[in-house]
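Okay, structure first, notes after.
Throughout, protein chains are lettered first and strands after them, A, B, ... in sequence-line order, and every chain is numbered starting at 1.
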There are 2 protein chains.
Amino acid sequence: MGMMTIGKLASATGVKVTTIRYYECIDLLPEPDRSKSGQRLYDQNAVERLAFIRHARDLGFSVKTVRELISLQVEPDRDCAVVDQIARRQLGEVRRRLTQLEALEAELKRMVSACEGGRIGTCSVLASLSDHETCLADDHAGAEVLASSPSLKA
Amino acid sequence: MGMMTIGKLASATGVKVTTIRYYECIDLLPEPDRSKSGQRLYDQNAVERLAFIRHARDLGFSVKTVRELISLQVEPDRDCAVVDQIARRQLGEVRRRLTQLEALEAELKRMVSACEGGRIGTCSVLASLSDHETCLADDHAGAEVLASSPSLKA
DNA sequence: CCTACAGTCTACAGTAACTGTAGACACAAG
DNA sequence: CTTGTGTCTACAGTTACTGTAGACTGTAGG
């Protein structure tokens, strides 16, 4: 249970091998020891740190913020309020996005149920997309809610 | 009300000037006419097309999908089911993300309310980030839900 | 011992959907 | 006529990875 290769670390944490190397590259993970042939060797510490990173990323914290959290971890005497504030900010973001997504869900649901299988020329889905008057918030609201998200290659 | 410059089009649709040029570059918008000095000139058609694009993007459709929808618009005799299916797929995605975000909200809320303002060394927020056992879905679930989203530079 | 074959290495290019920058030209108001 | 804002092109930068090429390493079977 001492040292493990990058592949083991990957399966232990659910983070892809390439992503681990990427994290090292951007100094989110420290450079690990190497075997005599040059392969990376990790210990239990690395597992914990990577799990921390992954969990924070899963919660939507940016890499920048994760870096911040890690640097805070190192100085355990500072005031906890900093961390609390970061978490609250994140919660605020999540709630904002929830609200937007709920609006999107409503509109998509309406679009789909309005479709009664005619020809495209009369398709109500396309009609409601064209119609920017009946839009949720007319000019500038729910932009980029889902856009450019890796899990949304619709 | 005939021809407008790119800036007018931008304010008419809420899409940034640079983004409009970008859409032209990736052939989402056709090349517009130019004034004798070379400035882009748009008509009401362009406003409608761009509004359509923006609305679809706001709803989370990828650029690729938007392109698909536009090409479908051109042939109004085809079966509406294609469009319906795209919208349903999108609705599915939105619902999946809603579920994930709700889980994230719950966890962040728990983290924040558990924080009682001590020192970082004992901070429960950092503790729950480190603790990958109490994670939502232990090994591979809510990854990249918010990650790399432009509106989330936490 | 030899041969597959999976795992690892580096370095770099590609992805999505823009955003920002630099330097030059255009147009309207005062 | 100047000032300021708008527009032009072309290209680099952003975020957080992912994928690829080409070479080496480590291991299990025969």
query = In whole angstroms, how far is the P atom of D:dC17 from the CG atom of A:L28?
reply = 9 Å

Straight-line distance of A:M3 CE to A:L9 CG, nearest 0.5 Å = 11.5 Å

note = Here the distance between atom P of C:dA17 and atom CZ of B:R54, to the nearest Å, is 16 Å

request  = Could you tell me whether the phosphate oxygens of C:dT10, OP1 or OP2, come under 4.0 Å of any side-chain nitrogen or oxygen in A:R34?
outcome  = yes

remark   = By side chain to side chain contact (heavy atoms under 4.5 Å, CB included), A:S37 pairs with (sequence neighbours left out) A:S35, A:Q39

ask   = Rounded to whole angstrom units, what separation is found between the CG atom of B:L29 and the C1' atom of C:dA17?
value = 14 Å

For B:R67, all residues meeting salt bridge (charged side-chain N to carboxylate O under 4.0 Å, His left out), sequence neighbours excluded = none

ask   = Heavy-atom distance under 4.5 Å between the side chains of B:L29 and B:I53, does that happen here?
value = yes

ask   = Is the phosphate of C:dA17, meaning OP1 or OP2, less than 4.0 Å from a side-chain N or O of B:T19?
value = no

ask   = Do A:R96 and A:T99 touch side chain to side chain, with heavy atoms closer than 4.5 Å?
value = no

ask   = Hey, does the side chain of A:K16 come within less than 4.0 Å of D:dC17's phosphate (OP1/OP2), counting only N and O?
value = no

query = What integer distance in Å separates A:M3:CE from C:dT8:P?
reply = 15 Å

request  = Look at the side-chain N and O atoms of B:R67 and state whether any lies under 4.0 Å from the OP1 or OP2 oxygen of C:dA17.
outcome  = no

inquiry  = What is the separation between atom CD on A:E24 and atom C1' on C:dA11, rounded to the nearest whole Å?
reply    = 14 Å

ask   = Which nucleotide, D:dT18, C:dT19, D:dA16, lies nearest any side-chain atom of B:Y22?
value = C:dT19

Salt bridge (charged side-chain N to carboxylate O under 4.0 Å, His left out) partners for A:R88, two or more places apart = A:D84

request  = Using atom CG of B:L9 as one end and atom P of D:dC8 as the other, report the distance to the nearest whole Å.
outcome  = 11 Å

Any N/O pairs under 3.5 Å between the protein and nucleotides 2-5 of chain C? List them or say none.
none

ask   = Are A:Y23 and D:dC17 close enough that a side-chain N or O sits under 4.0 Å from OP1 or OP2?
value = yes

query = Could you give the NZ-to-P distance, from B:K36 to C:dA26, as a whole number of Å?
reply = 10 Å

query = How many Å lie between CD1 on B:I20 and P on C:dA17, as a whole number?
reply = 18 Å

message = Is there a side-chain contact between B:Y42 and B:L50 in this structure, where contact means two heavy atoms from C-beta onward sitting under 4.5 Å apart?
response = no

key: Side-chain heavy-atom pair B:E105, A:L91 within 4.5 angstrom cut-off   = yes

Pairs under 3.5 angstrom, nitrogen or oxygen only, protein versus nucleotides 4-7 of chain D, please.
unit_1, atom_1, unit_2, atom_2, d
D:dT7, OP1, B:T5, OG1, 2.8
D:dT7, OP1, B:G7, N, 2.8

inquiry  = I'd like to check the side-chain hydrogen bond (donor to acceptor under 3.5 Å, both in side chains) partners of B:E24; sequence neighbours left out, ordered by chain and number.
reply    = B:R40

inquiry  = Can you tell me which nucleotide in C:dA17, D:dT9, D:dA16 comes closest to the side chain of B:R57?
reply    = C:dA17

query = Just by modelled atom types, is the A:T13 backbone N or O under 3.5 Å from a matching donor or acceptor in the A:R54 side chain?
reply = yes

